[in-house]
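Quick notes on the structure that follows.
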Protein chains: 2
Amino acid sequence: MKPDFQPLLKSLSLKTTPKRIALLEILDDEKVYLSPEAIWKKMQKLFRSIGLPTVYRILDELHEGNIISRVLHPDRKLYYYLCRNEEHHHHFICVSCNKVEDLHFCAEKEIETLVVKGMKGKVLSHILQINGLCSRCLTEQVPAHG
Amino acid sequence: MKPDFQPLLKSLSLKTTPKRIALLEILDDEKVYLSPEAIWKKMQKLFRSIGLPTVYRILDELHEGNIISRVLHPDRKLYYYLCRNEEHHHHFICVSCNKVEDLHFCAEKEIETLVVKGMKGKVLSHILQINGLCSRCLTEQVPAHG
DNA sequence: CGTTAAATAGAAACTGTTTCTATTTGCGAA
DNA sequence: TTCGCAAATAGAAACAGTTTCTATTTAACG
Ligand SMILES: [Zn+2]
Ligand SMILES: [Zn+2]
Ligand SMILES: [Zn+2]
Ligand SMILES: [Zn+2]
């Protein structure tokens, strides 16, 4: 079931354009993280003219609005993933097939305590990401794809 | 007390060159993470000719050999930090003054269990980093530096 | 519809990073 | 100590992902 992205965009004060909707649907269809260029190529099948900067801009806006999450890849390029899971969690990413799986774990409480009480500092954000191989890649030895 | 970096380099099968030693000493002097360019500028004070690619290459080799750690900055540029703490831990980084503090916390056991038992996957690496403001920046409102 | 600010295309610029090639240098062997 | 050679480096150039710019198009609202 395809969610209605219109109210989501409205809540961010972004206009409901066909390209924003298409990009969200593309991400929503995927269980893997995608690069801006991969998204662009999918967009090109839907629109006769679509610029790569537009893809970057939309991804930026949606990431800024906490709608989509960035994947920190060892190759240091940008990747994006749309997760519908509302509660706070983190991700296990497969570096071979790019699959993303929810990791229902976070130690923010413990860390907050360490930082506040131990360092007298303030936590602004935290990164927790597990890189590895998913069960399929582990058993089938599927070669990596871009 | 300046550590002897020679055996460290030897263990990585890297030749002991003045530039590698200097770079290690520069990092060892700092409690903040540095950008390749910042390191390059410090190197330029020590060598009349020193290329930025050399800095990148050395940083790469040392990072590859687990001698130095990369900082995942929100700005997506590369930063490096030399931590002498031998046991496994993570870092709290101050996004204002670039200071790095050891965070003696890691949930790798719990996460490993979740991934192996829950997902039938394999963990290759994990990222845990806390971004925030250190006590000094919190109280003194020190403006950010590059 | 008509108006207006937001969104976009396409080209061009940007910038951190990597590659390339000739030259230099560390270091084990003689 | 000197030699020989693979490793390391400088400097220039290339690269690639990302961002900026400007004219044009479009969504939203009355
Ligand atoms: Zn996989
Ligand atoms: Zn998720
Ligand atoms: Zn968390
Ligand atoms: Zn440390």
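Note that the coordinates shown come from a computational prediction; the quantities given were computed from them, not determined experimentally. Note on naming: letters A, B, ... go to the chains in the order of the sequence lines (proteins, then strands), and numbering restarts at 1 for each one.
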How close or far is atom [atom2] of [N] from atom [atom1] of [X], stated in whole angstroms?
{"X": "B:W40", "N": "C:dT15", "atom1": "CH2", "atom2": "P", "value": "15 Å"}
{"X": "B:Y56", "N": "C:dT18", "atom1": "OH", "atom2": "C1'", "value": "9 Å"}
{"X": "A:D75", "N": "C:dT17", "atom1": "CG", "atom2": "P", "value": "14 Å"}
{"X": "B:L52", "N": "C:dT18", "atom1": "CG", "atom2": "P", "value": "10 Å"}
{"X": "A:R57", "N": "C:dA6", "atom1": "CZ", "atom2": "P", "value": "13 Å"}

B:Y80 side chain to B:R70 side chain, donor-acceptor N/O pair below 3.5 angstrom: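 Yes, a side-chain donor-acceptor pair sits under 3.5 Å.
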Any side-chain donor near an acceptor of the partner, A:H90 and A:H126, under 3.5 Å: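 Per modelled atom types, A:H90 and A:H126 side chains form a pair under 3.5 Å.
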If only atom types and distance count, is the side chain of [X] paired as donor or acceptor with the main-chain N or O of [Y] below 3.5 Å?
{"X": "A:Y33", "Y": "A:C94", "result": "yes"}
{"X": "B:W40", "Y": "B:T54", "result": "no"}
{"X": "B:D102", "Y": "B:H104", "result": "no"}
{"X": "B:Q129", "Y": "B:L72", "result": "yes"}
{"X": "A:E61", "Y": "A:L14", "result": "no"}

First and last nucleotide of DNA chain D, 5' to 3', lying under 4.0 Å from heavy atoms of chain A: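 Span of nucleotides near chain A: D:dG17 to D:dA28.
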Test salt bridge (charged side-chain N to carboxylate O under 4.0 Å, His left out) applied to B:D29 and B:K2, step by step: CA-CA 9 Å; B:D29 279 348; B:K2 205 170 277 187; 5.7 Å; no
Pair B:K42 + B:E30: basic N to acidic O under 4.0 Å: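 Here B:K42 pairs with B:E30 in a salt bridge, since their nearest N and O are under 4.0 Å apart.
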Sub-4.0 Å heavy-atom contacts from residues 4-14 of chain A onto DNA chain C, ordered by number: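 DNA chain C contact set from residues 4-14 of chain A: A:L14.
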Proximity to DNA chain C (any heavy atom under 4.0 Å), residues of residues 15-29 of chain A only: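 Correct list: A:K15, A:T17, A:K19, A:R20.
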Of A:P36 and B:F47, the one whose closest DNA chain D nucleotide lies more 5':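 Checking each residue's closest nucleotide, the 5'-ward one belongs to B:F47.
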Centroid-centroid distance, B:Y81 to B:H91, less than 6.0 Å: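 Here the rings of B:H91 and B:Y81 have centres that are less than 6.0 Å from each other.
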From CD1 (A:I130) to OG (B:S125), nearest 0.5 Å: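 Spacing of CD1 (A:I130) from OG (B:S125) equals 8.0 Å.
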